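Any value given below was found using the heavy atoms of this structure, including those in side chains, with hydrogens, waters and symmetry copies removed. Since we're looking at a predicted model, the values are computed, not measured. Whatever order the structure lists ligands and atoms in, that order sets their numbers, starting from 1.
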Amino acid sequence: MKKTILITGCSSGFGRDSAIALAKRGHHIIATTRTEESAQELAAFAKQKNLDIETFKLDITQDADRQKIANYDIDVLLNNAGTGESGSLAEIPLEKIRHDFEVNVFGSIALAQLALKKMMAKDRGTVLFVSSLAGRIAMPFLGSYSMTKFALCGGVDVLRKEIYRVTKNVHIALIEPGAYHTGFNQRNVAKQYKWMDETSYFSDIKDVLKKDEEQYFQQMEIKSTKSMVDKIVQACEAKNPKLRYVAPWWQGLGVQIMRIFGK
Ligand SMILES: NC(=O)c1ccc[n+]([C@@H]2O[C@H](COP(=O)([O-])OP(=O)(O)OC[C@H]3O[C@@H](n4cnc5c(N)ncnc54)[C@H](OP(=O)(O)O)[C@@H]3O)[C@@H](O)[C@H]2O)c1
């Protein structure tokens with residue numbers, strides 16, 4: 001069945017690739033982006049490829065932008081937009097943590113509340129939140145990002161249970177990617193080195209940290225987003241979505257095992 005699916009953070013990565021994959025499957029896609037320029041670029045791309053994708057600027061931290069979704073009758077909201085700060089919690093400026101929470105948690109929840117108003121009234125719809133496996137096992141020097149995803153992971157689980165108390169037709173679910181090469185991780189880990197200076201507790205091991213992070217993502221990252229996008233498509237099309245859609249499976253399994261052993 002053709003659905004109307006609104007996605008946030010479609011300038012690149014999972015958002016953009018999911019928008020394209022879902023449009024190719026015949027859905028009507030509203031692919032939103034943080035900036036007007038990205039919205040125009042994506043609209044031009046969609047037109048050229050003859051894809052049923054409309055775009056507009058939706059910075060999820062801006063209430064005026066969020067209110068725009070009231071103009072649409074959405075079957076699925078895919079809360080995909082995200083940011084990630086890096087650096088130790090021992091010294092990261094608090095405003096950086098606040099910004100991560102504004103985008104990953106507050107912006108996404110605020111948008112979900114707006115979408116739910118209509119979904120609850122018509123007793124139909126799905127809200128998906130892109131969290132992360134870093135929201136199940138925290139990563140050192142990515143504490144700010146991990147905290148937001150832990151918060152999202154807990155909150156979404158609760159929200160799902162709450163909604164199911166009153167209807168079984170409105171669904172809430174989590175998308176939990178492992179490490180994928182979208183450029184997101186490289187941009188995030190680089191952020192800490194812009195503000196860490198010689199007063200940092202970690203300045204003596206800065207080069208080692210950089211190298212470790214580079215190697216970690218080189219080894220772990222999946223080059224193509226396809227396996228995750230396939231899961232996102234499944235979640236968008238599911239009649240009764242599961243709580244979690246995880247990819248790649250082996251990173252999901254690794255996280256489960258680490259949790260069993262108390263990590
Ligand atoms: N790649 C991974 O390994 C990985 C793993 C686990 C989870 N994830 C999650 O997957 C989601 C997408 O990430 P990605 O890997 O596809 O990276 P990406 O290509 O950098 O996508 C992030 C998107 O979020 C947008 N965004 C940032 N702040 C926003 C705001 N205030 N309002 C609206 N959009 C905003 C970005 O827009 P601009 O480009 O304009 O800034 C961009 O389109 C994120 O939630 C991320 O946490 C990624």
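Under a 4.0 Å heavy-atom criterion, G84 is not in contact with ligand 1. Ligand 1 lies out of reach of E221, whose nearest heavy atom is not under 4.0 Å from it. Using a 4.0 angstrom heavy-atom cutoff, L58 counts as in contact with ligand 1. Residue contacts with ligand 1: K149 is included, with a non-hydrogen atom under 4.0 Å away. Ligand 1 has at least one atom lying under 4.0 Å from a heavy atom of N80.
The residue R16 has no part lying near ligand 1, judged by heavy-atom distances below 4.0 Å. Only the backbone of S131 comes within 4.0 Å of ligand 1, counting heavy atoms alone; no side-chain atom from C-beta on gets that close.
Nearest to atom 32 (N) of ligand 1 among the protein's heavy atoms is I60 N, 3.0 Å. Ranking protein heavy atoms by distance to atom 31 (N) of ligand 1, first place goes to D59 OD1, 2.9 Å.
Ligand 1 has a nitrogen or oxygen under 3.5 angstrom from a nitrogen or oxygen of Y145. Polar contact check, G9 against ligand 1: a nitrogen or oxygen pair lies under 3.5 Å apart. On a distance-only criterion, A179 and ligand 1 share no N/O pair closer than 3.5 Å.
A distance of 9.0 Å separates CD1 in I30 from CD1 in I69, rounded to the nearest 0.5 Å.
The option with the heavy atom closest to atom 3 (O) of ligand 1, from among F184, F217, Y180, is Y180.
The local environment of CH2 in W195 is crowded, with over 12 non-hydrogen atoms from other residues, nucleotides or ligands closer than 6.0 Å. No more than 12 heavy atoms of other residues, nucleotides or ligands lie within 6.0 Å of NZ in K226, so this atom counts as exposed by the packing criterion. By the neighbour-count criterion of 12 heavy atoms within 6.0 Å, atom CG of D204 is sparsely surrounded, having that number or fewer from other residues, nucleotides or ligands.
Looking at F56 and T33, their side chains never come closer than 4.5 Å, going by heavy atoms from C-beta outward.
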